[in-house]
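Residue numbers begin at 1 in each chain, while the letters A, B, ... track the order of the sequences.
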Amino acid sequence: MPFTAKSGKFNASINTLTIGTGDKAITLGGENVLPFYTFDAPIENAPKVGIEITDGGLDAEPDCIKACYEGCTSVVDMAKKAAGFEGVDFLSLRLEGGDPNGLNKSTEELIAIVKEVAAAVDLPLVISGCKNVEKDAELLTKAAEALEGRNALILPAKEENYKTVGAAAGLAYKQVVGAESSVDINLAKQLNVLLTQLGVNPQSIAMNVGTASAGYGFEYVISTIDRVKAAALSQGDATLQMPIITPVASEVWGVKETMASEADMPEWGPVEERGIDMEIETAAADLVSGSNAVILRHPASVATISKMIKELV
Amino acid sequence: MALKGLDIFKLSPKKNCKECGSPTCMAFSMKVAQGAVSIDACPYFSEEAKAAMSEATAPPMKTVKVGAGENEYALGGETVLFRHEKTYVSKTRYAVALCSCMDDAVVEEKLAAIPKVDYDRIGERMFVEMVYVNYAPESGADKYVELVKKAAGLNRVLILGVEDPEVAKAALAVCKDSKPVLNGATPANYEAMNAVAVENGVALGVMGANDDELFDTVAALEKLGNKNLLINANTASIKAAYATAVRFRRAAIKDNNRTCGYPSIVNVAKLAMGDAHMQAALASVFTMKYGSIVVMENIGYAEALPLYGMRQNVFTDPQKPMKVEPGIYQINGADENSICLTTVDFALTYFVVSGELERSGVPCNLIINDAGGLSVLTSWAAGKFSSSSIAKYFQEADIEGKIKCRKLCIPGKVAVLKGELEAKMPGWEIIVAPREAVQLVKFLKDMQ
């Protein structure tokens, strides 16, 4: 008697969402099964992998990543090089220098970088803010304007600034809006509803339902994604059917395991390997939980995760 | 087919003797129906009634115990497919692979490397719990048995990857008391392997070229009366391995297909031979989705730190928060003159705060008292992180005797405690720190 497995196919499916334009455009979502459950039904669109650079250029990178961008002298150089790494589907530019508690770069300065990067690469773009909600409102509005026609993902619209960011990115300049909430299915749903009420097309929303490094409260991330996917697929909740994008890079390179120097922790071995494995293992878990895209920093992590996705789809 | 509580109650002795731990037979029957307790907890059920019911009331997934003494681990026994539905009960265990085909030098290197990863994370010892010893027929049985002996010296649970019953007997002769796993029942040899496993009292790992073969072989072994089994995820491809792991677990838990309800072994060393990064990715995948034992080629700190951290997260009980021990945590080489900070004992808070403190480079003492394992505002609201609890802890733990600095920073979210603390802890200067941990770096640097 052979093994007969019941199919876990659902009647509902995740929205499909295109980011970017032309040949390089990527499509997220569309599946009506749990992540990589190809034995239930084919996965409509394989999850995608992005690489992240910041407005700080090489100075903002750990040494091991600097080495990957050898010869680059500007953010634009880095963007061009990043676009050529194996497995890269999209480019994420994080404007962390805009943080008023940090370097507090002016919006004009940052938007100039956004424009230069956009002109230099034809990959789909994700623009991430500086984590300060007031500054982001201004910064991301300008970024959405500067990228008109590129169909970029603007991240994040949060509860505090969704009106400004959502209106600019989703309504005025027809970009994709990234709705960010903090590891709670109800908050994720609420933000999607608010954005929709604002007039943003639900088909133009991607969610970041929260992110963490492996070992740092990661169970909240997994359970939130698990529950969002369950609501979207098994209960057909249209307010949670947006594809999920999870920024991994901005989390994993800031924890002890990836920052402590080899001199301080000799038994831990080289920082680079620790960083890559932290990034890979965190991203892999995000993906099997249900992320439709992940953003990474080290080219080796991007290559491995991209290969893993191909193997699983 | 699951029995209803009332069906069980009808067969129960109806004595309400409480010996099973439940107040009444009715309550006990209901618990048995939910799979919360085993029918064996009642000493008065007649054998016939038990036999009739044990099959129907058994939990959907078997708990298989491997190893002996302090190295005994329970695998499987899960009742849900997602951790938020209840909790996962048996952690994924990790094994490093050895093979009789390896050169002696490589074996020695691996044997030396395995014990290196051994550390403590929030009260849990993190180390490589198992060693997979694979038999390559061209090496000969003697060499294999020697390798098993060497591996046994590490005092970890062994998994004997061997499909030849004679070699299996020879290997078990030197290690059966440590209760290893005999991993090698195939459609071709399962009867002979079953005899070896039963005779030696060890769990038997089952494999098949595809999921149908695997299922049929498990069913055949069950017919022979052996339920001390593990299933091997397919090793033909990563996709096939994922399919076995997910489909068998789902069939067991959702569709109550008992033949699928065994713990699993996923050999990622075989799935991605030579690609350490891919193995790291897959170890993470199968920790999340239903691997009970994950076998890797090597586990160094680079792989282990994220993997064990993730496992600790995934297998926490969602109803019980993770806590760190109360105490003084000295950060960045702090001494008795360094500034003090306090926050709650919720592990997540502790990790975020201590991470930011480390990033600041400023030496400081992080003083944690028992705040019930809740976040700052929750525990404040519950009265577990209050001026009294902080002042009491400082007194009990003799902080003033241990630390000379009299500056204490409190989380910005409980700024309201400042006045009360100053009143209760004379001599201390209470400083309100930022509301969010990420602002701590700037805060500490500015203060200097």
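- Comparing B:Val246, B:Leu214, B:Val352 by heavy-atom pairs within less than 4.5 Å of chain A, the highest count is held by B:Val246.
- Contacts of B:Ala219 with chain A are absent, with no heavy-atom separation under 4.5 Å from either backbone or side chain.
- There is a side-chain donor-acceptor pair under 3.5 Å between B:His277 and A:Glu273.
- Ranking A:Glu257, A:Lys6, A:Arg274, A:Glu272 against chain B, the residue ahead of the rest is A:Lys6, based on heavy-atom pairs under 4.5 Å.
- Both the backbone and the side chain of B:Arg247 come within contact range of chain A, judged by heavy atoms closer than 4.5 Å.
- Interface residue A:Leu34: only side-chain heavy atoms are found under 4.5 Å from chain B.
- Interface remark: A:Asp264 contributes no atoms to any contact with chain B (heavy atom separation under 4.5 Å).
- Using a 4.5 Å heavy-atom cutoff, the side chains of A:Asp226 and B:His84 are in contact.
- With a 4.5 angstrom heavy-atom cutoff, B:Ser237 does not touch chain A via any of its atoms.
- For A:Glu267, the CD atom is densely surrounded, since the number of other residues' heavy atoms within 6.0 Å is greater than 12.
- At least one cation-pi condition fails for B:Arg250 and A:Phe3: the charged atom is not both under 6.0 angstrom from the six-membered ring centre and inside a 45 degree cone around its axis.
- The OH atom of B:Tyr242 sits 5.0 Å away from atom OH of A:Tyr37, with the distance rounded to the nearest 0.5 Å.
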**Report entry** Verdict with reasoning, A:Lys307 to B:Asp275, per salt bridge (Lys or Arg N to Asp or Glu O under 4.0 Å)
**Finding:** CA-CA 11 Å; A:Lys307 191 172 159 203; B:Asp275 187 345; 3.2 Å; yes

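- Put simply, of B:Ala243, B:Cys260, B:Ala347, the one with the most heavy-atom pairs under 4.5 Å next to chain A is B:Ala243.
- When side chains are defined from C-beta on, A:Glu311 does not count as touching B:Lys239, because their heavy atoms never get closer than 4.5 Å.
- Rounded to the nearest 0.5 angstrom, A:Asp277 CG and B:Leu307 CG are separated by 9.5 Å.
- At a 4.5 Å heavy-atom cutoff, the contact between B:Met288 and chain A is made by side-chain atoms alone.
- Between A:Thr304 and B:Ala281 the shortest heavy-atom distance is CG2-CB, 4.4 Å.
- Taking B:Pro306, B:Gly309, B:Ser284 one by one and counting their heavy-atom pairs under 4.5 Å with chain A, the maximum is reached by B:Pro306.
- Top candidate by heavy-atom pairs under 4.5 Å with chain A, chosen from B:Gln312, B:Lys442, B:Glu303, B:Lys289, is B:Glu303.
- With chain A as partner, the option from B:Phe351, B:Tyr119, B:Tyr301, B:Phe82 having the largest number of non-hydrogen pairs under 4.5 angstrom is B:Tyr301.
- Contact of A:Phe218 with chain B is made through backbone and side chain together, with heavy-atom distances under 4.5 Å.
- For the pair B:Val285/A:Met308, a side-chain contact is recorded, criterion being any heavy-atom separation below 4.5 Å from C-beta on.
- The closest donor-acceptor contact from the side chain of B:Arg311 to the backbone of A:Gly215 lies at 3.5 Å or more, if one exists at all.
- Residue contact with chain B, scored on non-hydrogen atoms closer than 4.5 Å, involves the backbone of A:Val313 exclusively.
- Classified by interplanar angle (parallel below 30°, tilted 30° to 60°, perpendicular above 60°), the ring pair B:Phe346/A:Tyr220 is perpendicular.
- When the shell of 6.0 Å around CD of B:Glu222 is examined, it contains more than 12 heavy atoms from other residues, nucleotides or ligands.
- In terms of heavy-atom pairs under 4.5 Å with chain B, the best-connected choice from A:Glu281, A:Lys131, A:Met278 is A:Glu281.
- Among B:Asn210, B:Leu305, B:Leu348, B:Asp211, the residue with the largest count of heavy-atom pairs under 4.5 Å with chain A is B:Leu305.
- Within 6.0 Å of the CG atom in A:Asn11, the count of heavy atoms belonging to other residues, nucleotides or ligands does not exceed 12.
- In this structure, chain B has heavy atoms under 4.5 Å from both the backbone and the side chain of A:Leu312.
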